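Since the structure comes first, as structure tokens, the remarks are kept for the end.
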Amino acid sequence: QVQLMESGGDSVQAGGSLRLSCTASGWSWSQMGWFRQAPGKEREGVAIIDDDGAPYYIDSVNGRFTISKDNAKNILYLQMAELQPEDTAMYYCAARRAGWVPPRSLLRRPEDFSDWGQGTQVTVSS
């Protein structure tokens, strides 16, 4: 069974940190990423990890967030630091099963991802 399951979301104060995890099972994915969606807004790419492990970020989280992957355990992580209220959103793990798309393009193209988790809520209060 193909499954992506996120965990680690929580409510924190501004300036705090969280680590999100996405446990993947049932497939060997290539490119993976984290997206987020705030109420009333479109889903937004946050970070992509390429199949060679290279990370890519949107400008607003670059330097604060770190995407990584434990290939042995099939877990995708998003370490988030210096969280701000504007980071409040439902965070989703996403994965592609095959092929390669330029990772910076993937940040803007959630439709290129074949598999999604259910999401984990991150709430940052000021």
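Values in this document were obtained by computation on a predicted structure and should not be read as measured data.
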Measuring only between side-chain heavy atoms, which start at C-beta, is [X] closer than 4.5 Å to [Y]?
X: Leu83; Y: Phe65; value: yes
X: Val122; Y: Asp10; value: no
X: Asn74; Y: Thr23; value: no
X: Lys69; Y: Ile75; value: no
X: Ser21; Y: Glu6; value: no
X: Gln118; Y: Tyr92; value: no

According to a hydrophobic-cluster definition based on side-chain heavy atoms being under 4.5 Å apart (Ile, Leu, Val, Met, Phe, Trp, Tyr only), do [X] and [Y] belong together?
X: Tyr77; Y: Leu106; value: no
X: Val61; Y: Met90; value: yes
X: Val101; Y: Tyr56; value: yes

Derivation and outcome, side-chain contact (heavy atoms from CB on, under 4.5 Å), residues Leu18 and Val12: CA-CA 8 Å; Leu18 283 174; Val12 297; 3.8 Å; yes
Trace of the side-chain contact (heavy atoms from CB on, under 4.5 Å) decision for Arg64 with Asp87: CA-CA 11 Å; Arg64 300 189 298 123; Asp87 295 318; 2.8 Å; yes
Residue pair Asp115 / Trp27, side-chain donor-acceptor N/O under 3.5 Å: no
Distance (rounded to the nearest 0.5 Å) between [X] [atom1] and [Y] [atom2]:
X: Leu107; Y: Asp112; atom1: CG; atom2: CG; value: 11.5 Å
X: Gln31; Y: Asp50; atom1: CD; atom2: CG; value: 4.5 Å
X: Ser7; Y: Arg19; atom1: OG; atom2: CZ; value: 9.0 Å
X: Ser60; Y: Gln84; atom1: OG; atom2: CD; value: 11.0 Å
X: Leu78; Y: Met32; atom1: CG; atom2: CE; value: 12.0 Å
X: Ser114; Y: Arg97; atom1: OG; atom2: CZ; value: 5.0 Å

Specify the closest pair of heavy atoms between [X] and [Y], including all atoms of both residues, with the distance to one decimal.
X: Phe113; Y: Ala95; value: CD2-N, 3.4 Å
X: Val2; Y: Gly26; value: CG2-O, 3.8 Å
X: Leu76; Y: Cys93; value: CD2-SG, 3.9 Å
X: Pro85; Y: Ser125; value: CG-C, 4.5 Å
X: Ala14; Y: Ser126; value: CB-CA, 4.3 Å

Ion pair check, Asp51 and Arg96, cut-off under 4.0 Å: no
Backbone N/O of [Y] and side chain of [X]: donor-acceptor pair under 3.5 Å:
X: Ser30; Y: Trp100; value: no
X: Thr88; Y: Val124; value: yes
X: Thr120; Y: Gly9; value: yes

Residue Glu42 excluded, over 12 heavy atoms near CD under 6.0 Å: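 No, because the 6.0 Å sphere around CD of Glu42 holds 12 heavy atoms or fewer from other groups.
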Proximity of Trp116 and Phe35 rings by center, below 6.0 Å: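 When the ring centroids of Trp116 and Phe35 are compared, they turn out to be within the sub-6.0 Å range.
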side-chain contact (heavy atoms from CB on, under 4.5 Å) partner of Tyr57, the single match among Val46, Ile67, Ile48: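 The residue from Val46, Ile67, Ile48 that satisfies side-chain contact (heavy atoms from CB on, under 4.5 Å) with Tyr57 turns out to be Ile67.
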Verdict with supporting geometry, Arg36 and Glu44, salt bridge (Lys or Arg N to Asp or Glu O under 4.0 Å): CA-CA 5 Å; Arg36 65 186 179 187; Glu44 172 187 47; 2.8 Å; yes
